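This one's a predicted model, so the numbers in the text were calculated from it and none came from an experiment. For the numbers below, each heavy atom of this structure counts, side chains included, while hydrogens, waters and symmetry mates do not.
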Amino acid sequence: MAFKKRLVASILVKDGIAVQSFGYKDYLPIGNPVILAENLDRWGVDEIVILSIDNTKKGIDPDLRLLSEISKRVNTPIAYGGGIKNLENVLDVIHSGADRIIIDQLYFQNPSAIKMISESIGSQAVILSLPCSVSDGKISHYNYISKKSEDMDFHSLPFMKEFVASEFLLIDHLHEGKPNSFSEGMLKFFPNDISLICFGGISNSRQVERLFQNQNVVGVCIGNFLNYKEHYFQNIKLELSSSLLRNPVFESFQL
């Protein structure tokens, strides 16, 4: 039997506050990330992605206090990214309650470190984040620190062949915050034997279902559009085929 796909929720944290992102350039505050995580846990998401988006840029270590507080209050698996520079950071993140880690800049800055991390905690606990965009028939990787994009051949990169990560978080950074705008054409630029979680501009069940038809896509990550409506996530699960998704199990407060 085929593995079921996952609906993942993201919490973007900037300066300790959960924010709504628009193309990773403009941000609006949402509130306390701990409260938001509790809501998402109660609503039955399959996994919670926590991205401390300014830690790496500022050279700050992972926010272990925040991660520990969230992990104490939720039962949903957590994947954490932000400020991870070495194996010590990775172990701290795992010990603070994360089930998996998300790495972005490190695999370009120090590829050997990724292999060491993967060997230490297992590739199943490693997700590589890939902010990308497509233009003129080419895909490019976006470096959010330098704010520059570089054309990329993902078929030839070593980490695609060495399986140092179990999944790749494919972020359409240009369309994050814009409804129903994820560039589905990006999927064709990746090898057929890797697993992708799509993120950025994904907002309705039809779009989610189209993405799930791709054999590479194992999950869809939704951020801004999950954070405002309690039944948004449940409705997407109920609208999609049960053969694709895990069963919609969730709690709601009763008045």
Given 3.5 Å as the limit, does a donor-acceptor pair link the side chain of [X] with the main chain of [Y], or not?
| X | Y | result |
| --- | --- | --- |
| Ser71 | Ser68 | yes |
| Ser166 | Gln124 | yes |
| His175 | Ser181 | yes |
| Asp136 | Lys138 | no |
| Asp61 | Asn89 | no |
| Asp41 | Thr76 | yes |

Side-chain contact, heavy-atom cut-off 4.5 Å: [X] with [Y]?
| X | Y | result |
| --- | --- | --- |
| Leu187 | Cys198 | yes |
| Lys58 | Asp15 | yes |
| Ile101 | Ile121 | yes |
| Pro33 | Leu66 | yes |
| Ser52 | Val13 | yes |
| Asn216 | Ile194 | yes |
| Phe154 | Leu130 | yes |
| Thr56 | Asp104 | no |

Can you name the nearest heavy-atom pair linking [X] to [Y], along with the distance?
| X | Y | result |
| --- | --- | --- |
| Asn55 | Asp63 | ND2-N, 3.7 Å |
| Ile202 | Cys221 | CD1-O, 4.2 Å |
| Ser118 | Val126 | CA-CG2, 4.2 Å |
| Met186 | Val134 | CG-CG2, 3.1 Å |
| Tyr142 | Ser149 | CD1-OG, 3.5 Å |
| Tyr80 | Ala98 | CB-CB, 4.1 Å |

Checking Tyr144 against His173 for the side-chain contact (heavy atoms from CB on, under 4.5 Å) test, could you report, in this order, the C-alpha distance in whole Å, the side-chain angles of both residues, the deciding distance, and whether it holds? CA-CA 9 Å; Tyr144 59 84; His173 76 95; over 6 Å; no
From CA spacing to verdict: side-chain contact (heavy atoms from CB on, under 4.5 Å), Val49, Phe199: CA-CA 11 Å; Val49 164; Phe199 179 38; over 6 Å; no
If you round to the nearest 0.5 Å, how far is [atom2] of [Y] from [atom1] of [X]?
| X | Y | atom1 | atom2 | answer |
| --- | --- | --- | --- | --- |
| Asn86 | Leu106 | CG | CG | 8.0 Å |
| Asn180 | Arg206 | CG | CZ | 9.5 Å |
| Asp99 | Ile94 | CG | CD1 | 7.5 Å |
| Leu28 | Ile17 | CG | CD1 | 13.0 Å |
| Cys132 | Phe189 | SG | CZ | 10.0 Å |
| Ile103 | Leu169 | CD1 | CG | 12.5 Å |

Starting from [Y], can I reach [X] by hopping between I/L/V/M/F/W/Y residues whose side chains sit under 4.5 Å apart?
| X | Y | answer |
| --- | --- | --- |
| Leu51 | Ile35 | no |
| Met116 | Val93 | yes |
| Ile60 | Leu12 | no |
| Leu91 | Ile84 | yes |
| Leu170 | Leu174 | no |

Using a strict 4.0 Å threshold on nitrogen-to-oxygen distance, state whether Lys5 and Asp46 make a salt bridge. no
Ion pair present between Lys178 and Asp172, side-chain N to carboxylate O less than 4.0 angstrom? no
Over 12 non-hydrogen atoms of neighbours within 6.0 angstrom of NZ in Lys115: no
Is it the case that more than 12 heavy atoms not belonging to Arg210 sit under 6.0 Å from its CZ atom? yes
Modelled atom types, side-chain donor and acceptor of Ser133 and Ser140, under 3.5 Å: yes
Set out, in order, the CA-CA distance, both residues' side-chain angles and the distance that settles side-chain contact (heavy atoms from CB on, under 4.5 Å) for Val218 and Ile197, then state yes or no. CA-CA 6 Å; Val218 298; Ile197 303 171; 4.3 Å; yes
Could you walk me through whether Ile78 and Ile50 pass the side-chain contact (heavy atoms from CB on, under 4.5 Å) check? CA-CA 7 Å; Ile78 296 172; Ile50 303 169; 3.8 Å; yes
